[in-house]
Peer 1: 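The structure is given below, and queries will be raised subsequently.
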Amino acid sequence: MNSPMEDRLREALAEAGATVDPSTLSPLQPSGRPRVRVDFRLLAAVGAVVLAGAVTAAVLVSPGDEQRAAVANPPADQKGETELFVFLCSKSVKSPDCPGGSVTAQHTGRIQQALQAAPGVLELTYEDSARAYESFRRDFAGNKTLLDAVDAADMPPSFHVQLRPGADVKALQAKLKSIGGVSGTSEPETDNLLASERENNNADISVFLCTEGSGQASCGAVAAPGWTKDAPKFTKYGKAITPAQQGDLAREIAKTPGVQSSHLESQQEAYENFKRAYVSNKALLKATKPSDMPKSFRLQLRPDADSGEVIAQLQHLPGVASVINSKCVTERLTLYQRYGLLLPASKVCGS
């Protein structure tokens, strides 16, 4: 027995050309390495409920240099451009799309030419591993755990693509996949999601509340015999948090050491954020309803607070579906969007 929500989302994502990892159909867990790249994309797509509340010329320049060239005739008003990072295969990237290891210079040239010829491309910039590492060190200067976990050799080279408003990103991604040598690309929808998170509550911790029909054991769901991630079946679905449980939870949050403030994000608020992030994905928006979004308490912590202790204190309370480190999810998404690195939470956020 699958839930109607799962069925609708599977159909929508199938229409969009993606496969579904069922583990992403519920709020994200606080740790764990994605199995393959598409799972991480769905972390952003279906797992958006977590954050919804919450190139150049024909020849590449030598390593360490950067070359930039305008493509076609960009309009005077470039407002609304889309940015896309195209990450190339390298020895450090473990991806099913990179069976041959590092991309060759010749293959890189073919990718470059395809990007330059693609409709809607305004500008292309090539970034080698050394330059990417310099940018990474600046962007994450305050995250010693992450800086210690990554060195220059881990950085895949990439193309930074500026696209006209309305450019067909999916068609470009499909073209790149047919050429090969690309380990992955950033997702414009995830950029929207991250921007929405920064502009809104930008919570440290998100406490997701149980919804009716939940498939999580913490909400009372019972898995059927033979349940697997690829074929999740249930003999019983979970129940929504009761008003009494929600009141008790609010009081528990208020007295939890390290919590500075909290905000209860409604299903409608989460849905509005979700719609803004996925405005271009008509199939997913059509398949998703406000009732699919869990309510959540969005917590701001004091600077000296231990997020792990806060999560441990709240995650097993009645009516709580899951508790996640929202900052860590945001950092991991940002790391993939900008640098193409898929790292476990322990390397990005510590224990």
Side-chain angles (χ1 to χ4, degrees), residues 31 33-34 36-37 40-41 43-44 55-57 59-69 82-112 115-116 123-163 173 176 179-188 190-191 194-195 198 325 327-351:
S31 64
R33 181 188 293 273
V36 293
R37 180 178 64 83
F40 202 81
R41 287 182 55 203
L43 175 154
V55 139
T56 55
V59 179
L60 294 178
V61 293
S62 59
D65 292 331
E66 186 179 82
Q67 187 174 0
R68 188 183 298 265
T82 297
E83 291 188 324
L84 188 72
F85 283 91
V86 178
F87 306 110
L88 308 186
C89 293
S90 65
K91 290 181 180 179
S92 64
V93 175
K94 305 300 180 184
S95 168
D97 294 325
C98 300
S102 297
V103 66
T104 64
Q106 184 179 18
H107 205 155
T108 301
R110 290 203 299 271
I111 296 169
Q112 174 189 320
L115 287 169
Q116 191 168 11
E123 187 178 277
L124 308 175
T125 303
Y126 174 73
E127 185 175 64
D128 64 17
S129 297
R131 280 188 176 270
Y133 186 64
E134 290 175 5
S135 297
F136 161 78
R137 299 283 302 186
R138 288 193 299 269
D139 289 348
F140 294 95
N143 189 335
K144 187 176 185 304
T145 297
L146 179 56
L147 294 180
D148 289 345
V150 176
D151 58 35
D154 296 322
M155 289 288 167
S158 65
F159 287 107
H160 181 196
V161 187
Q162 293 283 349
L163 297 170
Q173 290 172 325
L176 292 172
I179 297 172
V182 173
S183 64
T185 68
S186 61
E187 295 295 324
T190 304
D191 280 336
L194 290 168
R198 286 190 290 267
N325 184 329
K327 287 285 190 185
C328 188
V329 172
T330 301
E331 289 273 270
R332 293 177 72 199
L333 283 174
T334 301
L335 187 63
Y336 182 76
Q337 282 292 99
R338 175 59 181 87
Y339 297 103
L341 296 180
L342 305 181
L343 297 181
S346 60
K347 288 190 176 183
V348 180
C349 314
S351 58

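Every value quoted in this text rests on a predicted model; they were computed, and no experiment measured them. Sequence positions, counted from 1, serve as the residue numbers for this chain.
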Peer 1: For the CD atom of Q162 and the OG1 atom of T82, what is their distance to the nearest 0.5 Å?
Peer 2: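 Between Q162 CD and T82 OG1, I get 9.0 Å after rounding to 0.5 Å.
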Peer 1: Is any side-chain heavy atom of N143 closer than 4.5 Å to a side-chain heavy atom of E331?
Peer 2: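 Of all side-chain heavy-atom pairs linking E331 with N143, at least one is under 4.5 Å.
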Peer 1: Please check if any side-chain donor atom of D139 sits under 3.5 Å from a side-chain acceptor atom of Y339, or the reverse.
Peer 2: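 Yes, because at least one side-chain N or O of D139 sits under 3.5 Å from a partner of the opposite role on Y339.
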Peer 1: Counting distance only, does the side-chain N/O of H107 pair as donor-acceptor with the main-chain N or O of V182 below 3.5 Å?
Peer 2: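 No, the answer is negative, given that no donor and acceptor are paired below the 3.5 Å cut-off.
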Peer 1: Just checking, is any N or O donor in the side chain of Q337 or E187 under 3.5 Å from an acceptor N or O on the other one?
Peer 2: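 Q337 vs E187: no donor-acceptor pair found between side chains.
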Peer 1: Report the C-alpha distance between T330 and T334 in whole Å, list the side-chain angles of each, state the deciding distance to 0.1 Å, and finish with yes or no for side chain to side chain contact (heavy atoms under 4.5 Å, CB included).
Peer 2: CA-CA 6 Å; T330 301; T334 301; 4.1 Å; yes
Peer 1: Under the salt bridge (Lys or Arg N to Asp or Glu O under 4.0 Å) rule, what do E127 and R338 come out as? Steps first, then yes or no, please.
Peer 2: CA-CA 11 Å; E127 185 175 64; R338 175 59 181 87; 3.1 Å; yes
Peer 1: Can you see which heavy atom on V150 is nearest to which on D154, and at what distance?
Peer 2: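 What the structure gives for the nearest pair is CA-OD2, 3.4 Å.
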Peer 1: Suppose the criterion is ring-ring contact (aromatic ring centres under 6.0 Å, His included): which pairs have a residue in residues 137-158, not counting sequence neighbours?
Peer 2: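 Output for this query lists F136-F140.
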Peer 1: Using modelled atom types only, decide if a donor and an acceptor are shared between the side chain of S102 and the backbone of K91 within a distance under 3.5 Å.
Peer 2: yes
Peer 1: What distance do L176 atom CG and L115 atom CG have between them, rounded to the nearest 0.5 Å?
Peer 2: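 Spacing of CG (L176) from CG (L115) equals 5.0 Å.
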Peer 1: Would you find a donor on one side and an acceptor on the other, under 3.5 Å apart, between the side chain of R332 and the backbone of V348?
Peer 2: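 No: the side chain of R332 does not pair with the backbone of V348.
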Peer 1: Applying side-chain contact (heavy atoms from CB on, under 4.5 Å) between F159 and each of L84, T125, T108, report the one that passes.
Peer 2: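 Answer after filtering L84, T125, T108: T108.
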Peer 1: Where is the tightest heavy-atom contact between L88 and P156, given as atom of each residue plus distance?
Peer 2: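 That would be O-CB, 3.5 Å.
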Peer 1: How many angstroms lie between atom CD of E134 and atom OG of S129, to the nearest 0.5 angstrom?
Peer 2: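 Going from the CD atom of E134 to the OG atom of S129 covers 11.5 Å.
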Peer 1: So, do R131 and P157 sit near enough that their side-chain heavy atoms are less than 4.5 Å apart?
Peer 2: no
Peer 1: I'd like to know if the side chain of S186 and the backbone of F85 have a donor-acceptor N/O pair within less than 3.5 Å.
Peer 2: yes
